[in-house]
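When a ligand or atom number is given, it counts from 1 through the structure's own listing order. This structure is a prediction, so every number in the text was calculated from the model and none was measured.
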Amino acid sequence: MLGVTKNMLADLHIHTTFSDGIYTPAEIIKMAKKAKIRVLAVTDHDNTEAFPSALKAVEEFYPELRLIQGVEIDTFYGKYTVHVLGYYFDSTNPELQEKLAWTREGRKRRIATMVDKVRAHGYDITLEEVQKEAHGSTSIGRPHIARVMVNKGFFPTTQAVFDELIAKGRPCYCEQEKLTPKEAVDLIHKAGGIAVLAHPSEVGDTKVVNQLLDEVPFDGMEIWHPSATASDMTSSWLQLAKKRNLKTSGGSDFHGDPKRFPAVLGGFPIDYDNVAAIVEWKS
Ligand code: AMP
Ligand code: ZN
Ligand code: FE
Ligand code: FE
């Protein structure tokens, strides 16, 4: 059990500079130590490349930490965006890496189109600036656009950029081709991992969540997440997970944006016991 005991903190959902997080894997590991998090999963969007440098930082700065390889795969379920979290898969699995690379290519094209739309709305930003903000991340995303807009003084917060321009339904939003949730879950399973439905509150419709759980062989559901209300976490989603015999998971979805909850790693504490079934799936 690697020394993990009761009354400990865990976080199974965080982002680094390998997707749209602000901090490097090494910075995240140092923050996890400060926050006394004992189990951490790195779950970049459509990218598994942060893991080796995160592991190196664990060995160097925080060897007591149990670090889990993870990923958050972006999918479409009809018109609904569904995020699929994967854990404990073999990251060298060729099919998994091929599909993640395909999704990241779609991200690049989509962000280029969105930058054109933002420019057409009168904001002078360039694709080069957005790429620079992404610091070489191969998994570019809307937060990179939002940060450039804030840095150039067009908006006070990244949230304001989303609300005005780039959230779904806003004028500069753009879709891209994505896997289906079933394809993502199958990929994770074939690579030897387990799959968790991320932040069901963000799916936006309980009926759709139920339909998804009927159709897709998820192993677990992310109950504890900043997007869920207190009653969602302690009641609705938890009851649903129990009813369907799904493992419960939780994570802060920390990106490092001080204006987005949680502002610091550890700001959304999760008891290890709540995610033990996921963590202990593999010893
Ligand atoms: P993308 O991967 O380009 O679809 O962007 C998704 C990321 O943008 C999420 O992981 C969040 O970090 C952020 N995000 C999504 N929706 C919003 C929103 N309404 N307000 C602020 N940030 C958001
Ligand atoms: Zn993100
Ligand atoms: Fe997500
Ligand atoms: Fe996330």
Side-chain angles (χ1 to χ4, degrees), residues 11-23 28 41-47 50 70-77 79-87 100 103-115 117-118 127 130-131 133-135 137-150 155-179 181 184 195-204 209 212 218 221-228 249-263 265 268:
D11 194 334
L12 302 189
H13 188 159
I14 63 110
H15 296 271
T16 76
T17 43
F18 283 78
S19 63
D20 55 6
I22 286 174
Y23 294 103
I28 291 284
V42 178
T43 54
D44 278 310
H45 297 286
D46 307 311
N47 194 346
V71 69
E72 182 174 27
I73 305 181
D74 215 340
T75 75
F76 268 138
Y77 183 66
K79 65 175 178 158
Y80 294 91
T81 298
V82 172
H83 287 178
V84 176
L85 291 160
Y87 301 104
L100 293 180
T103 307
R104 295 197 299 266
E105 284 305 310
R107 283 178 169 276
K108 276 188 205 158
R109 287 191 297 273
R110 171 199 195 210
I111 290 299
T113 309
M114 286 186 65
V115 167
K117 288 190 175 187
V118 169
L127 184 57
V130 175
Q131 283 162 339
E133 180 60 38
H135 298 290
S137 163
T138 58
S139 189
I140 202 159
R142 285 176 290 164
H144 297 124
I145 295 181
R147 285 174 207 152
V148 170
M149 297 284 271
V150 171
F155 287 86
T157 62
T158 53
Q159 186 65 56
V161 183
F162 271 85
D163 293 347
E164 182 73 20
L165 297 172
I166 60 174
K168 196 165 187 162
R170 302 308 298 157
C172 302
Y173 182 79
C174 173
E175 303 280 18
Q176 73 176 73
E177 266 195 295
K178 292 177 186 172
L179 302 174
V196 169
L197 172 61
H199 41 65
S201 296
E202 284 190 12
V203 175
V209 170
L212 257 172
F218 283 104
M221 194 170 155
E222 189 178 52
I223 310 295
W224 291 275
H225 185 271
S227 66
S249 192
S252 66
D253 214 348
F254 179 68
H255 282 72
D257 184 336
K259 295 273 175 63
R260 188 163 162 80
F261 186 72
L265 190 60
F268 185 82

### Task
Tell me, please, which residues at least two apart from R110 pass salt bridge (Lys or Arg N to Asp or Glu O under 4.0 Å).
none
### Closest contact, heavy atoms only, P156 versus V150
O-CG1, 3.9 Å
### Sphere of radius 2.8 Å around the Fe ion (ligand 3) - protein N, O or S atoms inside
E72 OE2, H83 ND1, H199 NE2
### Summary
Under 4.0 Å from one or more heavy atoms of G141, ligand 1 contributes atoms 3 (O)
### Query
Is there side-chain contact between V82 and L197, with heavy atoms separated by less than 4.5 Å?
yes
### Query
Looking only at heavy atoms, is any part of H15 under 4.0 Å from ligand 1, and if so is it the side chain, the backbone, or both, or is it neither?
neither
#### Entry: Sub-3.5 Å N/O-N/O distance, Q159 and ligand 1
yes
### salt bridge (Lys or Arg N to Asp or Glu O under 4.0 Å) partners of K117, counting only residues at least two apart
none
### Message
Side chain, backbone, both or neither: which applies to D20 and ligand 1 if a contact is any heavy-atom pair less than 4.0 Å apart?
### Response
side chain
### Message
How long is the straight-line distance from NE2 of H13 back to OH of Y87, given to the nearest 0.5 Å?
### Response
7.0 Å
#### Entry: Flag side-chain contact, heavy atom, 4.5 Å: H15 against D253
yes
### From D20 atom CG to H45 atom NE2, the distance as rounded to the nearest 0.5 Å
3.5 Å
### Task
Please determine which of H83, H225, E222 meets the side-chain hydrogen bond (donor to acceptor under 3.5 Å, both in side chains) test together with H199.
H83
### Under 2.8 Å: N/O/S of H45 next to the Zn ion (ligand 2)
yes
### Query
When you measure from atom 17 (C) of ligand 1 to each heavy atom in Y173, F162, F254, which option holds the nearest one?
F162
## Note on the structure
Sequence neighbours excluded, the answer for salt bridge (Lys or Arg N to Asp or Glu O under 4.0 Å) partners of R107 is D46, D74
### Heavy-atom nearest neighbour in the protein, as seen from atom 4 (O) of ligand 1, with distance rounded to 0.1 Å
R142 NH2, 2.9 Å
### Message
Between P181 and L212, is there a side-chain heavy-atom distance shorter than 4.5 Å?
### Response
yes
#### Entry: Of the N, O or S atoms in D20, the one nearest the Zn ion (ligand 2)
OD2
### D253 backbone or side-chain N/O/S under 2.8 Å from the Zn ion (ligand 2)
no
### Task
Using non-hydrogen atoms of the residue, decide whether R260 is closer than 4.0 angstrom to ligand 1.
yes
### Within 6.0 Å of CD in E175, more than 12 heavy atoms from elsewhere
yes
### Query
Is it true that R110 lies under 4.0 Å from ligand 1, counting heavy atoms only?
yes
### Query
How far is atom 12 (O) of ligand 1 from its nearest protein heavy atom, and which residue and atom name does that atom have?
H255 NE2, 3.0 Å
### Message
Working to the nearest 0.5 angstrom, can you tell me the gap between E177 CD and E105 CD?
### Response
12.5 Å
## Note on the structure
of all protein heavy atoms, closest to atom 10 (O) of ligand 1 is H45 NE2, 3.0 Å
### Message
Heavy-atom contact check, 4.0 Å cutoff: does R107 meet ligand 1?
### Response
yes
### Task
Mind checking the CG-CD1 spacing from L127 to I140? Nearest 0.5 Å is all I need.
6.5 Å
